[in-house]
Structures are given as structure tokens and as C-alpha cells.
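Structure, as C-alpha cells:
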There are 2 protein chains.
Amino acid sequence: MDVKTLCLGVLTTQDLTGYDIKRTCEEVFRHFFVAGFGSIYPALAELQRDGLVTATSVEQKKRPDKKVYRITDAGRAALEAELVATPPRHKVRSEFLALMYFAHLMPPERVDAVLAEMIESFENKLVDDLAVFDGPAAPLELTPGQRFALGYGRTVLTAALAYCKRHRPQLARRLRGEGADEADAAADLPREAANDAGPRPATLAGE
Amino acid sequence: MDVKTLCLGVLTTQDLTGYDIKRTCEEVFRHFFVAGFGSIYPALAELQRDGLVTATSVEQKKRPDKKVYRITDAGRAALEAELVATPPRHKVRSEFLALMYFAHLMPPERVDAVLAEMIESFENKLVDDLAVFDGPAAPLELTPGQRFALGYGRTVLTAALAYCKRHRPQLARRLRGEGADEADAAADLPREAANDAGPRPATLAGE
DNA sequence: TATAGCATGTAATCGGTTACATGATTCA
DNA sequence: TGAATCATGTAACCGATTACATGCTATA
């Protein structure tokens, strides 16, 4: 699945410009896909060339024309074919975790600063999420699938944030060479919980 | 941060062949980095060319020679410089979530099959994780940073798995067009919990 | 005055994936 | 017999990021 497929997908709901698609990506696909202008504009051009979308130039006062794209029947068919054929991969590329993994090779202050930065960024993302759900421009009707995907992002983000906050202090202490105390022992690798189903004791690969 | 940096990082602990590094990646970096032979071998060649690692050919009975790489002082310096300079990004690329987001454009059976596949893959990954921690080849001494990174992966995986399992049934029901019942309402977008700190009511960006 | 938002695009580069090429050993 | 493990590498391709290029408006 590439940026072209993503563009077709967002165009199933509304006609949009490349600029709009970029904004949509930032707002709703943020948890699982990144796409910049450099990939969106060429993708749209290619889709148009292949007859999967049509473009209409719209004049604007005091602005250059904008191109509004609309998906065609062929585009819908291509999208659906792509969706049934795409294997559900899920890839993470995290310099953050790589940095943490090599923490012992860095100055402790740097490690703590990195963690602080990530915690802040996670918190900001959660706030942004709320805006998407509840903000003034929030779409009142989300499909079940959209709710699933957005909820997934929120759940995972929340778990990640809690983990970072919980482990930051003892990581700092340990990197300074101080031994683990009882609080550490309790927070170490315990509770695989992290599911949102409440206080029951979690089983690992449980059903 | 690229594959070269990753190679330098794993070479700080032991001398390894390209093949070994690949295995290490699969086992311990799995949660946050992917690297295949096609990127590791060229990376090692380049590192050697730049004097950041040295290679020793080791003869083997009944096998072709293997090249064991060792990091140099220059390599260590370069790695440390890279680690303090690398911004802690964290990127997810998930065709799985994209598919879920466009669930309404797919046959419901396909959606459920995709979810089932992901649930299984998450469970397998968790089992593999256990092997890394507790298996026969488990390193007894993990640095605090390594424990942090591995624990992070485990926490997030567990949260993701629980989420998928909890939402699968109602997603299926909704896609078949049946209205939400009370159970759905309870499981909908509630409890941001998903932190591993127990049964207290979670606050969003709270501390 | 400077930054952010609106609006579109191209070109160079970079890095990674995939496929190809080889070949012995061991285990089921 | 076939698959998996060990072991290394190259070459083509592909897609995405980055920087470049342009230019007006509104807000701080």
C-alpha cells in the first residue's frame, strides 16, 4: 500500500485538493501513515494519468487556482482491489527506542532529555487526538473501521506514555549507577496488563 | 539513524558476522527496527571502508569462510557522536490500520480475517519476546536501557493485542449493519487506561 | 516585520527492499 | 526429498524525503 492508495481512500468520502489530503493525513492517519507533499502531489498526478481520479481547477480570489480531485469508478474499483490484496503489515521504525536501547553509551542527561521529549510529544499527540474526536471540525459520523483505527492509536499511545512516565525515574537512577530499590523491583518487568479491560490479572497469550 | 549505526551499536557488545547481526536484529530490535541482508552487508562494507570496523576472515570446516566484524575506536566515537545527535523520532507505517480505517470498503469477512491475522501475529510476537527474556540463550545481564526498550515493546504489544481482541466482535457486528448494543457502548472509546499501573481511573495527559 | 497558512509542483538524493546468485549441511 | 540453517554478496528498482522554486494573504 502506498500513498496513491491512501489518496484514493480519502477521496471516497469527499473531493479534495492535494493540500487538503496532506492535512487529512496529518490529522487522522498520523498514527499509522506519513505522507508529505513530495509524495502526495506526484501520487495524484499519476492517479489522474491512470484515470483513477479526475481533477477540476477551481479559481480562487487572491489565491492561485487549486485542483480539486474526485475519484472515478475505475478508481473505486482499483482501491477495492488493492484493499483485498494488501497484506496487513505493521512496521515500526523508532530511533527513540534505538536510542534507549543504547542508553549506556550516552550521557545520562541526554537519555533523560530524550525521554522527556518523547513524553511531551506523546502528550501532545493525545491532546491532538481529542481535538480530532471532539473538536469543532470533528466528523460526527465515523465508520466502525475509522473508530477502530483511531481508537487503536489512542490506546497504544496511552500505553506508551504511561510506560515512559513510569520507567523514567528508575532508568535515570540506574544509569547513574545506583542500585535498584524496592520500588524499581515492583515496576520492573511486571504486569503485562496494559490492556484497557480493567483490573483483571492479564494472561500472556491468553484468549 | 540508519543500518550502519545499528551495526555499530550491536558490535559494541560482541564481535559478530553480518549473519549474526541479522539474527540479533530479528530477535531484539524487532519492535523498532527492521534490517535485512540487503542493507546489513553493504552497511558493514561501508563501515569497514571508513575504518569504523575491522573484519577478520575465519575459516570454517565444511562451510565457507565467515567475516567477523569488530568495532574500532573510531567506530565507537562515531557511534557516540551519532547517538547524541539523533533526534528521537518514532514512526509507524501500518497497512493493517489503514485497512481497518477503510473497513467499510471491504467485505466484512475480509476485515475479520485481517484482524484475526494480526491478533495471531501479535500473540506470536509476545511468545517470541518471552523467549528472548527467559529462553536458553537469554542474556542474563541487560543494561537498563535495553530493559527499557524491550519492556516498551512488550507493553505496547500487549495493549494492542488486548484492544484488537476487545473490539473485534463489535466491529464485525457493526460492519454487518447491526446496531450497537449496550456492551458496545461500554467498550467503545472508553477507558484510555491501557497503562500498566493498575485499576486507577486514568487521566488523559495527566501525571 | 516575520511567521503561518494556502497552494502546487519538480529534481536530486538516499536508503531500503527484492530478487538474483551460490553452495554446503543437517534435520524431518 | 525438501526445507531450514549457515554464509555472503550484488544489482535493479522503487518509493519517500528533502530541498528547491514561487507567491499571495492574514495574523501576531
Side-chain angles (χ1 to χ4, degrees), chain A residues 1-8 15-27 29-30 32-50 53 55-69 82 86-87 89-95 98 137, chain B residues 1-8 15-27 29-30 32-50 53 55-69 82 86-87 89-95 98 137:
Chain A
M1 175 168 324
D2 55 13
V3 177
K4 285 199 284 178
T5 313
L6 208 71
C7 289
L8 284 180
D15 300 344
L16 293 168
T17 65
Y19 195 87
D20 291 330
I21 291 175
K22 169 79 178 343
R23 250 202 295 100
T24 306
C25 285
E26 277 166 1
E27 280 164 16
F29 298 142
R30 191 167 31 100
F32 54 89
F33 220 101
V34 281
F37 290 123
S39 50
I40 289 173
Y41 284 124
L44 287 170
E46 227 178 302
L47 289 172
Q48 186 181 9
R49 194 201 59 192
D50 296 342
V53 302
T56 314
S57 270
V58 175
E59 294 174 51
Q60 295 187 113
K61 313 162 191 167
K62 309 190 175 182
R63 290 221 178 278
D65 286 7
K66 61 181 178 183
K67 276 192 199 171
V68 178
Y69 290 92
E82 173 88 21
T86 302
R89 282 184 301 188
H90 184 84
K91 220 182 290 186
V92 177
R93 168 73 171 247
S94 175
E95 347 270 352
Chain B
M1 176 170 322
D2 55 13
V3 177
K4 285 199 285 177
T5 313
L6 208 69
C7 289
L8 286 179
D15 299 344
L16 294 168
T17 65
Y19 195 87
D20 291 330
I21 291 175
K22 169 80 179 344
R23 253 204 291 99
T24 306
C25 284
E26 276 164 3
E27 281 164 15
F29 299 143
R30 190 167 31 102
F32 54 89
F33 221 100
V34 282
F37 290 126
S39 50
I40 289 173
Y41 284 124
L44 288 170
E46 227 178 302
L47 288 171
Q48 187 181 8
R49 195 201 58 194
D50 296 343
V53 302
T56 313
S57 269
V58 175
E59 294 174 52
Q60 295 187 110
K61 314 161 191 168
K62 311 190 174 185
R63 291 221 178 276
D65 287 8
K66 62 181 178 182
K67 276 193 198 169
V68 178
Y69 290 92
E82 174 88 21
T86 301
R89 282 183 302 188
H90 186 84
K91 220 182 290 184
V92 177
R93 167 74 171 246
S94 176
E95 347 269 353

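Letters A, B, ... are given to chains in the order of the sequence lines, protein chains preceding strands, and every chain is numbered from 1. Owing to the predicted nature of the structure, the values given are computational and were not obtained by experimental measurement.
One axis for each end of the helix from dT1(C)-dA28(D) to dA28(C)-dT1(D), each built from five base pairs, and the angle between them comes to 50° at 10° resolution.
For Thr24(A), there are no side chain to side chain donor-acceptor pair (under 3.5 Å) partners at least two apart in sequence or on another chain. Scanning for ring pair (Phe, Tyr, Trp, His ring centres under 6.0 Å) contacts around Tyr69(A) gives an empty result, with sequence neighbours left out. Qualifying side chain to side chain contact (heavy atoms under 4.5 Å, CB included) partners for Glu82(A), counting only residues two or more places apart in sequence or in other chains: Met1(A), Thr5(A), Thr86(A). Applying the side chain to side chain donor-acceptor pair (under 3.5 Å) test to Gln48(A) and every residue at least two apart in sequence or in another chain returns nothing.
For the pair Tyr41(B) OH and dG16(C) P, the computed distance is 16 Å after rounding to whole Å. Atom CD in Glu95(A) sits about 14 Å away from atom C1' in dG16(C), given to the nearest Å. Rounded to whole Å, the distance from CZ on Arg49(A) to P on dG9(C) is 15 Å. Put simply, OH on Tyr19(A) is 7 Å from P on dG5(C), counting in whole angstrom units. When the C1' atom of dA7(C) is taken as reference, atom CG of Leu44(A) falls 13 Å away, rounded to whole Å. At whole-Å resolution of the value, CD in Glu27(A) and P in dG5(C) are 12 Å apart. Atom-to-atom, CD of Glu46(B) to C1' of dG15(C) comes out at 10 Å; the value is rounded to the nearest Å. One atom, NZ of Lys22(A), and another, P of dG9(C), lie 15 Å apart when rounded to the nearest Å.
Within the 4.5 Å cutoff, the side chain of Asp65(B) has no heavy atoms near those of the Val58(B) side chain. The shortest side-chain heavy-atom distance between Lys67(A) and Thr56(A) does not fall under the 4.5 Å cut-off. Residues Ile40(A) and Leu44(A) are in side-chain contact: their nearest non-hydrogen atoms beyond the backbone lie under 4.5 Å apart.
Both tests hold for Lys22(A) against Phe37(A): distance to the six-membered ring centre under 6.0 Å, angle to the ring axis within 45°.
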Can you check nucleotides 13-20 of chain D for protein contacts, nitrogen or oxygen pairs under 3.5 Å, and list what you find?
from, atom 1, to, atom 2, distance (Å)
dA16(D), OP1, Arg93(B), NH2, 3.2

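When all heavy atoms of Val92(A) and His90(B) are compared, the pair lying nearest together is CG1-CE1, 4.1 Å.
Each of Lys67(B) and Arg23(B) has a nearest nucleotide on DNA chain D; the 5'-most of these lies closest to Arg23(B).
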